[in-house]
Amino acid sequence: MKTLSAQEIFEKLKGKFGDGVVSLQTESVNPPFAVVPPGSIQEVCRFLKEDPDLLFDYLVCISGVDHKDKFAVAYHVYSTEHRHRIGVKAMLPHDNPVIPTVDVVWKAAIYLERETYDLMGIVFEGSCDPNRILLPDDWEGHPLRKDYIYPEQYHGIKI
Amino acid sequence: MGLREYISDISEAVVTIAKGMRITWKYGVDPKEETTIFYPEERMVMPERTRGFLFNDVARCIVCNMCVKQCPIDCITLESIKGADKKNVLTSYKIDMGRCMHCGLCVEICPPKSLVHTDGYEGSSHTREELIVEFVEDDLATIKARIAAHAAELAKAAKAAEAAGKAPAAPANPAGGEKK
Amino acid sequence: MSQGPAKRKPIKSNIFDVVPAPAEIPQNVLQKNFERVRACKGGEGIIEVGIADLFINWCRKNSLWYLYYATACCGIELMQGGASKYDFDRFGAVFRATPRQADMLMTAGTITHKMAERVQRIYAQMPEPKYVIAIGACTITGGPFYKDSYSVVKGVDLILPKVDVYVPGCPPRPEAWIEGIRNLQNLIMKTKNYGLKKA
Amino acid sequence: MTEPISKEALRTDEWTINMGPHHPSTHGVLRLELTTDGEIVSKARPSLGYLHRGLEKIGERVAWAQFMPFTDRLDYLAGMNCNCAYAWAVEKLAGIEIPERAEWIRVLVCELNRISSHLVAWGSFCADMGAFTPLLYGIREREWVNDLFEMVCGQRLTYNYARIGGVSHDLPPGFLEKTKEFCDYFEPLIDEYNRLITYNKILVHRLKNIGVISARDAIEWGLSGPNLRGSGFAYDIRRAEPYSVYPKLDFNVVVGHADRGTLGDCFDRYLVRIDEMRESVKIVRQVIDRIPDGPVMAKVPRVFKPPAGECYFRAESPRGETGFYLISDGGTNAYRLKIRTGSYMAMNIFEKISKGVMISDIVALIGSFDIILPETDR
């Protein structure tokens with residue numbers, strides 16, 4: 001067991017991917033985020049999971065965040081072996097939020113991604129189960145977006 | 001599965017069930033283990049902090065609107081008019097008990113502590129409207145008349161003070177209703 | 001240190017005292033309000049009930065089997081009320097797992113729009129006569145989710161044809177449920193079964 | 001003697017049946033779409049969302065402190081744990097130090113709530129398995145904890161006890177003695193539960209070797225709490241990422257140890273809960289002995305505005321990890337509030353492990369995960 005700090009983890013990522021990893025976001029953020037471009041999220045996650053010094057085998061949480069002009073997808077990962085953790089963040093454009101899925105890396109991502117798609121409307125490309133999960137299938141809109149307008153009624157029942 | 005295993009399985013099942021039934025019987029027949037509270041005939045004495053239905057003592061309420069702002073679900077509505085001595089006077093204070101979630105945030109923030117939780121919990125009704133409780137008992141005309149009377153009283157006191165050349169001593173505000 | 005279960009004192013009142021109820025139960029805020037609202041409305045009409053009706057009503061009121069229908073927080077109070085400390089069985093209210101054997105639907109817990117159609121179906125599956133008690137803030141008005149939630153039905157009376165008794169609280173104490181059941185029993189005793197024109 | 005009929009010859013057409021959303025053994029409004037071949041389930045697909053109440057959206061619309069009552073409704077069996085987890089998360093975000101006594105009180109109520117939550121889990125699990133009596137006994141003891149909580153905060157189920165910066169009330173006089181009395185009363189009862197039902201032959205046969213999850217799978221699929229520990233992996237956030245005063249306390253992380261059957265089956269998960277109650281009693285006793293005096297509320301401004309920032313806090317609740325991902329933009333309410341719960345992740349693996357079991361084992365599986373629907377749906 002060798003716990004690494006966020007900076008060391010970031011250095012390792014930088015060493016592997018070079019410019020593929022954009023920056024480390026540490027200011028008033030706990031745990032710190034490594035910001036990566038959406039296209040390389042799968043490779044970064046696979047490296048995080050499989051590198052013997054990192055071994056991030058436990059995907060804690062995937063959250064979508066609506067920053068009004070863009071979307072962010074935040075992945076929190078944890079290593080049960082080394083007991084360190086870090087966040088990975090990808091920024092997506094607001095008009096077409098699409099990101100490759102990570103359920104090929106961690107199976108835990110299946111439901112977390114489904115939920116993010118359902119409530120935030122972020123599409124996970126290549127997901128094995130790209131359906132709504134919490135809301136009914138014929139629900140319109142994605143409620144956690146900041147510009148969501150509550151519908152007047154659903155199936156004739158007033159909301 | 002051999003016969004020996006079969007028999008031992010059955011005997012183990014019988015023994016473990018007998019053990020469990022012994023405990024069940026112990027609780028079943030021992031009068032000391034009776035736990036039921038026969039509710040309509042017996043009642044539990046509620047602790048001090050019980051968060052039952054809300055009650056607002058309108059005589060003490062200072063119409064600060066804090067409870068309305070604090071309530072996460074807007075179940076309190078109040079209306080007020082300007083009183084004679086620039087203080088607001090309640091004309092209506094409604095709590096929708098059918099919506100209240102008894103979180104106690106409004107009680108915590110109430111400055112004069114006029115809004116309290118009672119220990120009442122029974123209040124089933126037949127309609128939804130009955131659950132909206134109005135705490136101000138007088139109607140608007142009565143309150144307005146009372147304010148007018150109070151204003152007249154104030155004016156009279158001011159005149160008397162002017163005549164005596166002293167600072168006016170304001171009488172107590174009766175507009176909020178009598179104290180109980 | 002630890003004393004065995006054999007030496008225990010009776011556990012009827014673990015923490016609080018249990019006292020016999022006073023002859024006149026003190027009226028709380030809500031009950032005073034009911035009188036006022038009823039006075040404004042002109043009160044309820046007196047229904048004369050015949051002997052046959054009395055017998056039928058007596059049978060019905062003492063066998064109010066309820067559906068074990070629990071969606072959210074109130075469902076735990078339903079379990080606790082059905083268990084030994086409060087014991088709904090004393091009023092003939094026994095839980096049933098299927099709507100086809102139930103007389104009474106206690107909507108214990110939040111009902112969302114996704115669930116609404118299922119509740120209507122459950123209600124339709126129950127045999128007549130059937131009664132509905134709306135338990136807790138969520139099913140009376142939407143409760144905690146009234147203001148900001150996009151997926152909660154704001155009151156079970158929007159989706160069911162009638163609700164007989166509303167029991168406020170979040171969740172109501174089991175005693176309040178018992179009071180609600182007794183309220184429903186009183187309502188049943190006033191029902192006129194014969195001499196009514198079929199609609 | 002005739003030849004035994006092969007399984008292939010018994011194969012029939014596949015059926016699709018709905019289990020739930022109103023079903024007495026699904027612990028709420030879970031709906032399962034079962035594809036069955038006779039009695040054998042070939043696929044069980046959970047359909048969630050029948051209790052989706054939009055708590056995350058509410059969290060963005062109400063003020064920080066006003067979200068506290070909603071966390072009670074997040075996991076109604078363990079309201080105190082959710083209360084405290086949310087309070088800890090906001091305090092971590094805003095960098096508030098809370099008084100020592102408040103920390104101890106929070107740990108005390110959290111552990112009491114863990115006991116009462118596991119009691120219902122145990123009771124309803126046994127009721128699903130056909131033994132109704134344990135449910136009555138579990139709830140009998142739970143009533144005692146409820147009464148204790150009513151003494152502290154005035155409600156039986158939806159406590160709203162923790163506040164940002166401490167707890168709402170100090171402990172009432174006589175509370176610690178009553179709690180001690182409860183511990184003395186409760187500890188021998190755990191052995192009695194074991195005698196009553198745990199090693200009952202029928203229960204053991206219904207649970208062992210059903211729904212086996214290896215530790216590797218459990219981590220891969222994101223299980224947490226007793227469900228993960230049942231697979232024999234000692235991972236407890238109270239130990240792995242200690243928060244509050246847990247580092248000062250002495251308790252063991254309970255893991256499954258293949259008492260009957262295979263490691264990681266339903267019986268192991270069941271036994272982990274039973275043993276965890278024992279550990280919780282141990283913690284409660286330590287807290288009673290060591291709780292310091294002092295204030296219970298730190299100074300927090302009435303209009304609370306944490307600085308802009310992001311924070312992920314996780315706490316160990318009875319159903320696994322309760323995580324709050326909070327984003328503040330410096331305003332009076334959260335910019336984004338994401339809740340990660342243990343039950344939701346338990347439903348994730350359900351489809352995988354329910355392949356090839358009998359329909360009646362599905363009930364055992366749901367019960368052994370101890371899911372609670374407001375947590376899966378939020």
Side-chain angles (χ1 to χ4, degrees), chain A residues 25 27-33 49 55-68 72 74-81 83-87 89 103 105-116 118-120 129 131-137 139 142-146 148 150, chain D residues 45-54 56-57 60 92-93 95 215-224 228 233-235 237 239-241 306-314 321 323-329 335-341 344-352 376-378:
Chain A
Q25 188 186 356
E27 204 167 305
S28 68
V29 171
N30 190 349
F33 279 107
K49 191 188 177 189
L55 278 181
F56 282 104
D57 51 356
Y58 192 91
L59 176 64
V60 177
C61 191
I62 296 178
S63 350
V65 187
D66 184 359
H67 284 295
K68 284 180 186 154
Y75 302 77
H76 288 93
V77 287
Y78 179 78
S79 166
T80 52
E81 175 71 33
R83 298 201 168 170
H84 47 220
R85 60 177 183 157
I86 196 170
K89 202 185 246 182
D103 65 4
V105 186
W106 297 286
K107 294 284 189 219
I110 300 174
Y111 264 38
L112 292 169
E113 282 180 353
R114 271 180 80 182
E115 188 202 343
T116 313
D118 189 356
L119 301 181
M120 195 60 94
D129 198 351
N131 300 314
R132 278 189 183 265
I133 182 163
L134 295 177
L135 287 167
D137 289 336
W139 192 273
H142 302 282
L144 283 188
R145 290 190 176 186
K146 291 284 175 192
Y148 179 70
Y150 285 19
Chain D
R45 189 178 153 83
S47 168
L48 307 175
Y50 288 92
L51 198 51
H52 175 64
R53 310 189 272 199
E56 291 174 9
K57 189 78 177 176
E60 291 172 16
K92 190 176 173 187
L93 178 71
R216 202 187 160 75
D217 271 356
I219 293 168
E220 171 83 24
W221 289 79
L223 290 193
S224 58
L228 176 55
F233 187 75
Y235 172 69
I237 299 167
R239 278 275 179 262
E241 269 184 21
E310 300 179 19
C311 141
Y312 185 83
F313 178 84
R314 43 208 208 134
E321 176 183 328
F324 282 95
Y325 176 47
L326 305 174
I327 299 182
S328 158
D329 57 353
Y335 187 77
R336 174 83 168 95
L337 188 148
K338 157 96 188 173
I339 310 163
R340 188 261 196 222
T341 54
Y344 188 69
M345 301 313 289
M347 287 328 290
N348 194 2
I349 199 173
F350 193 84
E351 195 171 335
K352 177 179 184 289
T376 61
D377 298 349
R378 292 175 301 253

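Letters A, B, ... mirror the listed sequences (proteins, then strands); counts begin at 1.
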Q: Could you look at Val60(A) and say if it's the side chain, the backbone, both or neither that has a heavy atom under 4.5 Å from chain D?
A: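 For Val60(A), backbone and side chain are both near chain D.
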Q: Write down the atom of Leu134(A), the atom of Thr376(D), and the distance for their closest heavy-atom approach.
A: CD2-O, 3.9 Å
Q: Quick check on Ala215(D) against chain A: is it the side chain, the backbone, both or neither that has a heavy atom closer than 4.5 Å?
A: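 Neither part, no heavy atoms under 4.5 Å.
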Q: For Glu220(D), is there an ion pair with Lys49(A) - N to carboxylate O distance below 4.0 angstrom?
A: yes
Q: Contact part of Leu223(D) toward chain A, heavy-atom cut-off under 4.5 Å: side chain, backbone, both or neither?
A: backbone
Q: Select one option (side chain, backbone, both, neither) describing which atoms of Lys68(A) are under 4.5 Å from chain D's heavy atoms.
A: both
Q: Quick one: what part of Arg132(A) sits under 4.5 Å from any heavy atom of chain D, side chain, backbone, both or neither?
A: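 When you check distances to chain D, no heavy atom of Arg132(A) falls under 4.5 Å.
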Q: Determine the minimum heavy-atom distance between Lys338(D) and Cys61(A), stating which atoms define it.
A: CE-SG, 3.5 Å
Q: What part of Arg45(D) gets within 4.5 angstrom of chain A, counting heavy atoms only: side chain, backbone, both, or neither?
A: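 Side chain of Arg45(D) only, per the 4.5 Å heavy-atom cut-off to chain A.
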Q: Name the region of Pro307(D), side chain, backbone, both or neither, that has any atom closer than 4.5 Å to a heavy atom of chain A.
A: neither
Q: Pick one of side chain, backbone, both or neither for Ile62(A), based on which atoms fall under 4.5 Å of a heavy atom in chain D.
A: backbone
Q: Roughly how far, to the nearest 0.5 Å, is the CG atom of Leu135(A) from the CG atom of Leu48(D)?
A: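 Rounded to the nearest 0.5 Å, the CG-CG separation comes out at 11.5 Å.
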Q: So which atom in Met347(D) and which in Tyr111(A) form the shortest heavy-atom distance, rounded to 0.1 Å?
A: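 Minimum heavy-atom separation between Met347(D) and Tyr111(A): O-OH, 3.7 Å.
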Q: Search all heavy atoms of Arg83(A) against all heavy atoms of Arg239(D) and return the closest pair with its distance.
A: NH1-O, 4.2 Å
Q: Would you indicate whether the side-chain heavy atoms of Ile110(A) and Trp221(D) approach each other to under 4.5 Å?
A: yes
Q: Pick one of side chain, backbone, both or neither for Asp129(A), based on which atoms fall under 4.5 Å of a heavy atom in chain D.
A: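 Interface part for Asp129(A): side chain.
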Q: State whether the side chain of Lys107(A) and the backbone N or O of Ile219(D) hold a donor-acceptor pair below 3.5 Å, judged by distance alone.
A: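 Between the backbone of Ile219(D) and the side chain of Lys107(A) there is no qualifying donor-acceptor contact (under 3.5 Å).
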Q: What part of Leu59(A) lies closer than 4.5 angstrom to a heavy atom of chain D: side chain, backbone, both or neither?
A: backbone
Q: Less than 4.5 Å apart, side chain to side chain, heavy atoms only: is that true for Tyr150(A) and Lys57(D)?
A: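 In short, these two side chains touch, coming nearer than 4.5 Å.
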Q: If you measure from CG on Asn131(A) to OG on Ser47(D), what distance do you get to the nearest 0.5 Å?
A: 10.5 Å
Q: Taking the side chain as C-beta and beyond, is there a heavy-atom pair between Leu144(A) and Glu60(D) under 4.5 Å?
A: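 Yes, at least one pair of side-chain atoms sits under 4.5 Å.
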Q: Search all heavy atoms of Tyr58(A) against all heavy atoms of Leu228(D) and return the closest pair with its distance.
A: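 Closest heavy-atom pair between Tyr58(A) and Leu228(D): CE1-CD2, 4.4 Å.
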Q: Going through the checks in order, is the side chain to side chain contact (heavy atoms under 4.5 Å, CB included) test met by Glu310(D) and Val65(A)?
A: CA-CA 11 Å; Glu310(D) 300 179 19; Val65(A) 187; over 6 Å; no
Q: Report yes if some heavy atom in the side chain of Arg314(D) is under 4.5 Å from a heavy atom in the side chain of His76(A); otherwise report no.
A: no
Q: With a 4.5 angstrom heavy-atom cut-off, is it the side chain or the backbone of Lys352(D) that approaches chain A, or both, or neither?
A: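 Neither part; nothing is under 4.5 Å.
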Q: Where on Asp66(A) is there a heavy atom nearer than 4.5 Å to chain D: the side chain, the backbone, both, or neither?
A: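 Contact with chain D: backbone only.
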Q: May I ask you to check whether Tyr78(A) and Tyr312(D) place their ring centres under 6.0 Å from each other?
A: no
Q: If I measure from the heavy atoms of chain A, does Arg216(D) come under 4.5 Å with its side chain, its backbone, both, or neither?
A: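 No part of it gets close to chain A.
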Q: Before accepting this row, confirm whether a basic side-chain N of the pair Glu115(A)/Arg340(D) lies closer than 4.0 Å to the acidic partner's carboxylate O.
A: no
Q: Using every non-hydrogen atom in the two residues, find where Arg336(D) and Gly64(A) come nearest and quote the distance to one decimal.
A: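 Closest pair (atom of Arg336(D), atom of Gly64(A), distance): NE-O, 2.6 Å.
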Q: Side chain, backbone, both or neither: which part of Phe233(D) has a heavy atom under 4.5 Å from chain A?
A: side chain
Q: Using only atom types and a distance under 3.5 Å, with no angle test, would you say the side chain of Asn348(D) pairs donor to acceptor with the backbone of Ala108(A)?
A: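 Indeed, once roles are kept as given, a pair shorter than 3.5 Å links the two residues.
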